Number of protein chains: 2
Amino acid sequence: MQQDQDIAAVFVDRWNQAASFEQTGTCPVRDVLDKIGDKWSMLIVMYLAAGPKRFNQLHREVPDISQKMLTQTLRDLQRDGLVSRHVFDTKPPSVEYRLTGLGQSLIVPFGYLIDWANQSIPSIEAARASYDKAA
Amino acid sequence: MQQDQDIAAVFVDRWNQAASFEQTGTCPVRDVLDKIGDKWSMLIVMYLAAGPKRFNQLHREVPDISQKMLTQTLRDLQRDGLVSRHVFDTKPPSVEYRLTGLGQSLIVPFGYLIDWANQSIPSIEAARASYDKAA
DNA sequence: CCGCATCCCTGCTGATACTG
DNA sequence: CAGTATCAGCAGGGATGCGG
């Protein structure tokens with residue numbers, strides 16, 4: 001309980017913190033959360049967690065992703081320093097993507113979230129069913 | 001490393017799992033991730049983590065949220081069983097919102113994510129600056 | 001093989017105004 | 001106080017076609 005309040009305080013403080021917020025117009029925590037909620041970012045990170053992969057390999061493995069979104073998402077992840085890009089000068093050329101140390105470090109806290117999700121899904125679906133029935 | 005691969009496997013399996021996915025068209029893990037990335041959901045959860053609050057109290061405390069989004073987000077959280085709603089039959093009427101046990105349990109894994117974010121923000125911003133400079 | 005550019009459409013969001 | 005209803009703007013993301 002007390003710890004929960006501490007976490008909340010840290011979070012809310014950071015959120016309200018005007019530092020780069022007032023200037024850039026975006027909150028740094030919001031930034032990270034957006035990535036988490038992004039349709040493809042975390043899925044790609046999880047696929048890359050198993051090891052380096054090439055562009056078309058990802059394109060085949062990640063279900064239903066378009067070429068455009070794969071490119072775009074990989075660029076964003078690279079820009080944030082979560083993924084590194086390696087071009088091999090063969091022909092035809094091949095490009096390999098892999099998680100950086102920072103990218104790998106994200107897997108740990110993200111994993112806790114996935115665990116929570118998997119454990120809580122039954123409760124959530126039950127709550128939804130109950131809520132919808134009342135209407 | 002090995003553990004990372006396990007987490008990835010669990011996640012990807014769950015993602016691809018056709019159970020309610022093929023029928024409802026939505027993946028249960030995706031559901032949870034969407035809430036995390038939602039503009040207001042987690043912010044409200046964090047504010048409620050400090051204790052129960054009334055509608056207008058939240059409206060005042062949560063920065064820049066519109067009445068509409070506050071109502072809508074609280075409804076969604078309630079439907080998912082993360083937040084409970086209590087109406088007091090006074091006049092003027094007052095409505096109190098509080099985290100359920102499920103809602104409180106989310107704070108723990110979510111807290112790890114916030115911690116990671118706060119620790120990693122310097123690295124991320126450095127990576128971005130470096131990436132942008134190259135262009 | 002890898003990536004960029006364009007078009008287009010859907011849905012989320014905010015602003016505004018109105019009820020019990 | 002605690003909502004509901006309606007309207008308009010914008011960004012995310014898919015489809016398609018082209019280039020190195």
Side-chain angles (χ1 to χ4, degrees), chain A residues 24-27 30-44 47-48 52-80 83-98 131 134-135, chain B residues 15 24-27 30-44 47-48 52-80 83-98 131-132 134-135:
Chain A
T24 65
T26 61
C27 162
R30 172 80 286 133
D31 257 33
V32 174
L33 261 36
D34 283 345
K35 292 265 180 281
I36 303 295
D38 183 77
K39 189 170 182 184
W40 301 113
S41 293
M42 287 304 106
L43 189 55
I44 290 177
Y47 273 97
L48 286 180
K53 290 190 196 300
R54 296 186 37 201
F55 185 87
N56 274 352
Q57 194 178 355
L58 278 170
H59 196 10
R60 281 189 301 271
E61 292 182 9
V62 180
D64 296 328
I65 194 170
S66 68
Q67 209 175 30
K68 172 186 170 181
M69 292 317 296
L70 182 55
T71 303
Q72 195 176 107
T73 307
L74 283 169
R75 283 274 174 285
D76 287 347
L77 291 172
Q78 190 195 350
R79 191 175 105 97
D80 287 353
V83 161
S84 61
R85 195 178 108 111
H86 306 271
V87 181
F88 296 97
D89 211 2
T90 57
K91 23 185 226 181
S94 78
V95 182
E96 186 187 87
Y97 294 91
R98 64 174 64 204
Y131 182 94
Chain B
W15 196 286
T24 65
T26 62
C27 162
R30 172 80 288 132
D31 258 32
V32 174
L33 260 37
D34 283 345
K35 291 267 181 281
I36 303 295
D38 184 77
K39 189 170 181 182
W40 302 111
S41 292
M42 288 304 105
L43 189 55
I44 290 177
Y47 273 97
L48 287 179
K53 291 190 195 300
R54 296 180 42 195
F55 185 87
N56 273 351
Q57 196 177 355
L58 279 171
H59 195 11
R60 281 188 301 271
E61 293 183 7
V62 180
D64 294 329
I65 193 169
S66 69
Q67 208 174 29
K68 173 185 171 183
M69 292 317 295
L70 181 56
T71 303
Q72 195 176 105
T73 307
L74 284 169
R75 284 272 175 285
D76 288 346
L77 291 172
Q78 191 194 350
R79 192 175 104 98
D80 287 353
V83 160
S84 63
R85 196 178 107 112
H86 307 271
V87 181
F88 296 95
D89 213 0
T90 57
K91 29 184 213 187
S94 78
V95 182
E96 186 187 85
Y97 294 90
R98 64 174 66 202
Y131 182 94
D132 293 344

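Since this is a predicted model, take the numbers as computed values, not measurements. Scope of the values below: all heavy atoms of this structure, side chains included, with no hydrogens, waters or symmetry mates.
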#### Entry: Protein-nucleotide distance (R60(A), atom CZ; dC2(C), atom C1'), rounded to Å
13 Å
### Message
Contact between L77(B) and Y97(B) at the side-chain level, heavy atoms closer than 4.5 Å - yes or no?
### Response
no
### Query
Of all residues at least two apart in sequence or in a different chain, which pass the side-chain contact (heavy atoms from CB on, under 4.5 Å) check with N56(A)?
H59(A), R60(A)
### Task
Return the set of residues passing side-chain hydrogen bond (donor to acceptor under 3.5 Å, both in side chains) with D76(A) (not counting sequence neighbours), or none when no residue passes.
none
Distances under 3.5 Å between protein N/O atoms and the N/O atoms of nucleotides 12-18 of chain C, please, pair by pair.
unit_1, atom_1, unit_2, atom_2, d
dG14(C), OP1, K39(B), NZ, 2.6
dG14(C), OP2, W40(B), NE1, 3.3
dG14(C), N7, K68(B), NZ, 3.2
dG14(C), O6, K68(B), NZ, 2.4

### Query
How close or far is atom P of dC2(C) from atom NE2 of H86(A), stated in whole angstroms?
14 Å
### Sequence-distant partners of S84(A), side-chain hydrogen bond (donor to acceptor under 3.5 Å, both in side chains), two or more places apart
H86(A)
## Note on the structure
When rounded to whole Å, the NZ to C1' distance for the pair K91(B) and dG20(C) reads 13 Å
### Message
Can you list everything that forms a salt bridge (Lys or Arg N to Asp or Glu O under 4.0 Å) with R98(A)? Sequence neighbours excluded, please.
### Response
E96(A)
#### Entry: Partners passing side-chain contact (heavy atoms from CB on, under 4.5 Å) against D34(A) (at least two apart in sequence or in another chain)
R30(A)
### Query
In chain order, what residues pass the salt bridge (Lys or Arg N to Asp or Glu O under 4.0 Å) check against D31(B), with sequence neighbours excluded?
R128(A)
### Query
For D132(B), which residues count as a salt bridge (Lys or Arg N to Asp or Glu O under 4.0 Å) partner, sequence neighbours excluded?
R79(A)
### Query
When we call it a touch if two heavy atoms are under 4.0 Å apart, what does F88(B) touch: a base, just sugar-phosphate, or nothing?
nothing
### Summary
Under a 4.0 Å heavy-atom criterion, DNA chain D is touched by chain B from dC1(D) to dT6(D)
